[in-house]
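Working notes, structure below.
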Amino acid sequence: MKDKFIELTLGSYIISHGYNAKNKEMMEPIASDHFSKKIIPVSRIKSISEKYILTDYVDGRWIYWEYEEDYEAIKKLLL
């Protein structure tokens, strides 16, 4: 089955590297001074909030992206 894609305007992001021995999430924030368009597979999108879109990464990490689009517009595209 061919994957569907969505174009989003993404900015700064946070990489979740999993959890340490004390069960604390290991987060790495990456700041960007601008937003840029990216095309991502819909299958990588795990969750959307009003501030972040959560995607998975090939090696088991999670990425929380800031996005520029309207939450309701993205929700309509995905439903």
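Keep in mind it's a predicted model, so treat the numbers as computed, not measured. Just so you know, these numbers use all the heavy atoms, side chains as well, and skip hydrogens, waters and symmetry mates. Sequence positions, counted from 1, serve as the residue numbers for this chain.
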Looking only at atom types and distance, does a side-chain atom of [X] sit under 3.5 Å from a main-chain N or O of [Y], one as donor and one as acceptor?
X: Lys51; Y: Ile48; answer: no
X: Arg61; Y: His17; answer: no
X: Glu69; Y: Thr9; answer: yes

Evaluate Leu8 against Trp65 for side chain to side chain contact (heavy atoms under 4.5 Å, CB included), listing each step before the verdict. CA-CA 10 Å; Leu8 296 171; Trp65 294 92; over 6 Å; no
From CA spacing to verdict: side chain to side chain contact (heavy atoms under 4.5 Å, CB included), Glu66, Tyr13: CA-CA 6 Å; Glu66 289 183 354; Tyr13 55 99; over 6 Å; no
Looking only at heavy atoms, what is the nearest atom pair of [X] and [Y], with distance?
X: Gly11; Y: Ser32; answer: C-CB, 4.0 Å
X: Trp62; Y: Lys46; answer: CZ3-CG, 3.1 Å
X: Ser16; Y: Tyr64; answer: CB-CE1, 4.2 Å
X: Tyr57; Y: Arg44; answer: CD1-NH2, 3.8 Å

For Phe5, does the CZ atom have more than 12 heavy-atom neighbours from other residues, nucleotides or ligands under 6.0 Å away?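 Yes - once you tally the heavy atoms of other residues, nucleotides and ligands closer than 6.0 Å, there are more than 12.
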How long is the span from the [atom1] atom in [X] to the [atom2] atom in [Y], to the nearest 0.5 Å?
X: Tyr71; Y: Lys76; atom1: OH; atom2: NZ; answer: 12.0 Å
X: Thr55; Y: Lys38; atom1: OG1; atom2: NZ; answer: 11.0 Å
X: Ile63; Y: Glu28; atom1: CD1; atom2: CD; answer: 9.5 Å

So if you build clusters from Ile, Leu, Val, Met, Phe, Trp, Tyr with side-chain heavy-atom gaps below 4.5 Å, do Ile40 and Ile30 land together?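 Yes, Ile40 and Ile30 fall within the same hydrophobic cluster.
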Is Met26 reachable from Leu54 through a run of hydrophobic residues whose side-chain heavy atoms are each under 4.5 Å from the next? no
Candidate pair Leu10 and Ile53, rule side chain to side chain contact (heavy atoms under 4.5 Å, CB included), full reasoning: CA-CA 9 Å; Leu10 305 175; Ile53 184 163; 4.1 Å; yes
